[in-house]
Protein chains: 2
Amino acid sequence: MKKNAEFLNRNITIGILSKETGVKIETIRYYEKVGVLPAPPRTDGGYRVYDLNYLKRLKFIRRCRELGFTLEKISSLLRLVDSHNYTCNEIKDITSKQLSEVRHKISDLKRLEKILKEMTGKCEGGKVPECPILDALYK
Amino acid sequence: MKKNAEFLNRNITIGILSKETGVKIETIRYYEKVGVLPAPPRTDGGYRVYDLNYLKRLKFIRRCRELGFTLEKISSLLRLVDSHNYTCNEIKDITSKQLSEVRHKISDLKRLEKILKEMTGKCEGGKVPECPILDALYK
DNA sequence: ATGAACCCTCTAGGGACTACAGGGTCAAGG
DNA sequence: CCTTGACCCTGTAGTCCCTAGAGGGTTCAT
C-alpha cells in the first residue's frame with residue numbers, strides 16, 4: 001500500500017525498519033535506549049521516523065552481534081563512522097584493537113570450517129567417522 | 001605444588017579447569033546446570049573431579065561462544081562428538097548447516113578486516129579518513 | 001589437628017534482548 | 001468527518017548467559 005511508497009520516500013517507520021533488517025521492534029527501541037542507535041526524529045504523534053542511514057547502521061549492528069561483538073565494541077566501531085570528531089590517533093587505536101580481535105575470530109572460524117568440511121566429506125558411505133571437532137578449537 | 005602433579009595425573013579440580021580454559025568457575029557450574037558440559041564425578045566431600053576430556057570440551061565451548069554460537073548450537077555440535085547415536089545423514093545435516101553459517105561469518109569478518117586495515121593505513125598524515133565501515137557489512 | 005586455600009549451594013544482579021499490557025496514532029473507506 | 005483496523009507508544013516483567021557474593025564445608029601440607 002502506501003507504506004512502500006513511504007519507504008521509497010525515506011519515511012521509514014519502526015515496523016518497516018524491523019522487517020528490512022530482521023531486528024525486532026523492541027530490540028530497535030532497546031538499541032536506542034542504550035545509545036548504540038541514535039534517537040530518530042518523531043512525528044507530531046510521537047512515532048519514530050527513520051531513513052536509509054538508520055537502516056544501514058542497524059544492519060551493521062545486527063551482523064556484528066551475530067559475529068560475536070558486544071554492543072560496547074560495536075559502539076566503538078561505529079564511532080569510526082562519525083569519525084569527524086576524532087583524531088587520527090584515536091582512530092588508529094580503535095582500529096588496531098578491533099583488527100586483532102577480528103583476525104583471531106577469522107582464524108578460529110577457519111579451523112572450524114576445515115573440520116566441518118572434512119566431516120561432511122567423510123559422512124558418505126553411511127558410516128559414522130571418529131569425531132575430530134573438539135580438537136579443531138583445542139589448539 | 002601438588003596441584004600440578006594432580007593435573008598431570010588427570011585429577012583436575014574446577015579451579016584448575018577454570019585457569020586452564022579461562023572460563024570462570026561459576027560459568028563452568030552453569031554449563032553443567034544447563035547440560036552443555038556433563039556432570040563430572042565427585043569426591044566423597046562433593047568436589048567435582050574433571051579430566052582432559054572435560055578440558056577439551058570446555059575450551060571448545062568457550063571459543064564457540066566467542067564466535068557467536070548459542071549454547072543451543074554448541075550443544076548440537078557437541079552431539080556430533082558423541083555421535084555414536086546418530087546416523088550419517090543427521091550428522092551431514094547439522095554440519096552442512098553450521099558450515100554455511102561459518103563461511104558467511106568468515107566472509108563478513110574479512111570484509112571488516114579489510115576496511116579496518118585500510119583505515120589504519122590512511123591514518124598517517126594527521127588527517128582523518130572517511131569511514132566506509134557501514135558498507136562493509138551492508139551488501 | 002589446624003589453617004590457608006580451595007570447593008559447595010543458593011540467591012541476586014547485569015547485559016542483551018523479548019513478550020506482554022494498556023493505551024494512543026494514522027490513514028483509508030464509508 | 002468519523003470510524004476502524006493496523007500500527008505505534010511507554011512501561012514492566014521475563015529469558016538467556018553469565019558473574020558476584022554470602023554462608024558454610026573440604027583438602028592437605030605442616
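Taking atom CD on Glu66(A) and atom P on dC17(C), their separation rounds to 10 Å, with Å as the unit. Put simply, CD1 on Ile16(B) is 7 Å from P on dC7(C), counting in whole angstrom units. dA16(C) atom P lies 17 Å from atom CD of Glu32(A), rounded to whole Å. As a whole-Å value, the separation of Leu37(A) CG from dA16(C) P is 15 Å. Rounded to an integer number of Å, the gap from CD1 of Ile28(A) to C1' of dT18(C) is 13 Å. Taking atom CD1 on Ile74(B) and atom C1' on dC18(D), their separation rounds to 13 Å, with Å as the unit. Atom CG of Asp44(A) is separated from atom P of dT25(C) by 11 Å (rounded to the nearest Å). When the P atom of dA5(C) is taken as reference, atom CD1 of Ile25(B) falls 15 Å away, rounded to whole Å.
Only one option out of Arg103(A), His104(A), Lys105(A) pairs with Ser107(A) in a side chain to side chain contact (heavy atoms under 4.5 Å, CB included); it is His104(A).
Side-chain N/O atoms of Tyr47(A) and base N/O atoms of dC7(D) include a donor-acceptor pair closer than 3.5 Å.
Within the 4.0 Å cut-off from OP1 or OP2 of dT19(D), at least one side-chain nitrogen or oxygen of Thr27(B) is found. For Arg48(A) and dC8(D), the shortest distance from a side-chain N or O to OP1 or OP2 is not below 4.0 Å. Dashed line: the shortest gap from a side-chain N or O of Thr43(A) to OP1 or OP2 of dT25(C) is not under 4.0 Å.
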> Can Leu55(B) and Tyr50(B) be said to form a side-chain contact (heavy atoms from CB on, under 4.5 Å), step by step?
Replying inline: CA-CA 8 Å; Leu55(B) 187 67; Tyr50(B) 298 95; over 6 Å; no
>> Before you tell me yes or no, could you show the steps for Tyr31(A) and Arg65(A) under side-chain contact (heavy atoms from CB on, under 4.5 Å), namely the whole-Å CA-CA distance, both residues' side-chain angles and the distance that decides it to 0.1 Å?
In response: CA-CA 12 Å; Tyr31(A) 285 164; Arg65(A) 288 258 62 222; 3.9 Å; yes
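A salt bridge links Arg63(A) with Glu66(A): at least one charged nitrogen is closer than 4.0 Å to a carboxylate oxygen. Of the charged side-chain nitrogens involved, at least one lies within less than 4.0 Å of a carboxylate oxygen, so that Glu118(B) and Lys114(B) count as a salt-bridged pair. Arg62(A) has no carboxylate O lying under 4.0 Å from a charged side-chain N of Glu20(A), or vice versa, which leaves the two without a salt bridge.
Taking for each of Gly46(A) and Lys24(A) the nucleotide of DNA chain C with the nearest heavy atom, the 5'-most of the two is the partner of Lys24(A).
Glu72(A) CD: 12 or fewer foreign heavy atoms inside a 6.0 Å radius.
As judged by a 4.0 angstrom heavy-atom cut-off over every strand, Arg42(B) is placed among residues touching the sugar-phosphate backbone only.
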Dump the pairs, protein N or O against N or O of nucleotides 11-17 of chain D, anything under 3.5 Å, distances to one decimal.
from, atom 1, to, atom 2, distance (Å)
dC17(D), O3', Arg65(B), NH1, 3.2

